[in-house]
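Before any comments, here is the structure.
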Amino acid sequence: MHNNDRANFGSRLGIILATAGSAVGLGNVWRFPYMAGHDGGAAFILLYLACVLFLGIPGMISEFIVGRNSATNAARAYIKLSHSRPWGLIGYMGVFTGMIILGFYAVVAGWCLQYFFASILEHLQGDKDYIMNYFATFSSSPFKPAAWAVAFLFITHYIVSHGIRDGIERASKVMMPTLFVLLIIIVVASCTLPGAAEGVEFLFKPDFTKITPNVFLDALGQAFFSLSLGSACLCTYASYFNRQTNLGKSAVQVALIDTMIAVLAGLMIFPAAFSVGVSPDSGPSLIFITLPNVFQQAFSGMPTLGYVISVMFYALMALAALTSTISMHEIATAFFHEELNLSRRGGSLIVTAICCVIAVLCSLSVGAVSGLSFFGKSLMDSLDFITAQIFLPLGSFLTCLFVGWHIPKRITVYEFTNHGTLKGTFFKVYLFAVRYVCPAAIAAIFLHQFGIL
Ligand code: PFF
């Protein structure tokens, strides 16, 4: 059942750090804080936690089961387990979705790189209008943001083309602890600012009047995006797990790390924002427009500390993005490498080339070429919408049906219990969630999204 020649991760720590690296990304340090800010803070976070626990973890385990049992790329994995081509569409959709997300994600990751260097060179110093102008001028230039996105894709390419152990695992073992240390330093600096308590309260004191169906949907979408669910990424990584890996425990650990980093990101941003009286609901521009100002004002008495924090912050953002971009890149690299019989380098070059084209088009669509839009949304926003709101939930929905109902139960039991060597105490709970709770909840979101429910 297992292909012994295939690459795999070398250690349990490597598995957890690489998979958590995929989960921890701009979704945690950029999307989560602005969503929480927009949706009322603590109430949103509680719903988010419920989504991770009841839908996210069973969804992750299901992708792990498909990946580890088939030990092949995502597209072939679904065909191999079901012996039927139509089910393979889930895998193909995952490969496609991964490349699209990587394309627009690289644009924001490129912005982080630009801001990292700009903060080193002290170009982010100035009043509110200056910072706003800085972002507008930078993001609308035809060349610079696109070049940063392409540069980011090449860094990703470099790591992925070095393989699973020497590339992805080794990079994750360095990047994840660095990211964590940077995060803790900024959280401490932010939480000790005068007036920071109000920000902490915003994050932890729920106001249940804020819960609406839309907040629920946002929490669910965020949980999918943040856990990298539905894109075949977890399935691809699990194809490199070894037989001893406890799938349930790994899913819980990755979900815990991911959630902890998201909450810490909130603790890094809101106390600083509240301490200078900035509203936390400024949306996606929070990181690139609001925060440079917040750092300047909050640390105005200690400019050197402000400088260091700002540099660290953008380094953290770029690192978080990189641990995720390598995982998205790997989904398609494994596919081209195995399906077209190319070398790993060759497969990875195709992915980089395709994603560079998507990234340049996305970058232009939010800047220099405003005509690149569909139904009133820029190409970048349209791709974000179709992937996060349609393809990821759909991929996860179909995977739950696939694992819960289609494949023989003995395969599910075999993988969940590592061939009977684990007790599998929660197997029944898992099966119930994956058969009923997850598909019903995801179907409800879809219906609501299209105005039917
Ligand atoms: N989980 C990543 C984040 O939170 O930023 C985003 C992501 C990574 C989505 C990998 C999909 C994926 F395949």
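Ligands are counted one by one from 1 in listed order, and the atoms in each one are counted from 1 as well. Residues: numbered from 1 along the sequence shown. Because the structure is predicted, anything quoted here is derived from the model rather than measured.
Ring to ring, Y105 and F152 are not that close: their centroids are 6.0 angstrom or more apart.
Comparing heavy-atom distances from atom 1 (N) of ligand 1 across Y237, F225, F224 singles out F225 as nearest.
Taking every heavy atom of C233 and a limit of under 4.0 angstrom, the matching atoms of ligand 1 come to 13 (F). Which parts of ligand 1 touch A23 is read off a 4.0 Å heavy-atom cut-off, strictly below it: atoms 1 (N), 2 (C), 3 (C), 4 (O). Of all atoms in ligand 1, listed by their number and element, those nearer than 4.0 Å to a heavy atom of G25 are 3 (C), 4 (O), 5 (O). Listed by number with element, the atoms of ligand 1 under 4.0 angstrom from any heavy atom of S231 are 11 (C), 12 (C), 13 (F).
Panel note: side chain T387, backbone D384; a donor-acceptor pair is recorded below 3.5 Å. A donor-acceptor pair is defined here as one N or O able to donate and one able to accept, closer than 3.5 Å; no such pair exists between the side chain of R68 and the backbone of A238.
Counting only N and O atoms by type, the side chains of T352 and H329 include a donor and acceptor under 3.5 Å apart. S62 and Y430 share a side-chain donor-acceptor pair at under 3.5 Å. Side-chain contact, D258 with N28: a donor N or O sits under 3.5 Å from an acceptor N or O.
The CG atom of L319 lies 6.5 Å from the CE atom of M175; values are rounded to the nearest 0.5 Å.
The nearest protein atom to atom 8 (C) of ligand 1, hydrogens excluded, is given as S228 OG, 3.3 Å; this is a heavy-atom distance. Among protein heavy atoms, atom 2 (C) of ligand 1 sits closest to S22 O, 3.4 Å.
At a 4.0 Å cut-off, at least one heavy atom of S327 sits close enough to ligand 1 to count as contact. A heavy-atom separation below 4.0 Å is found between Y105 and ligand 1.
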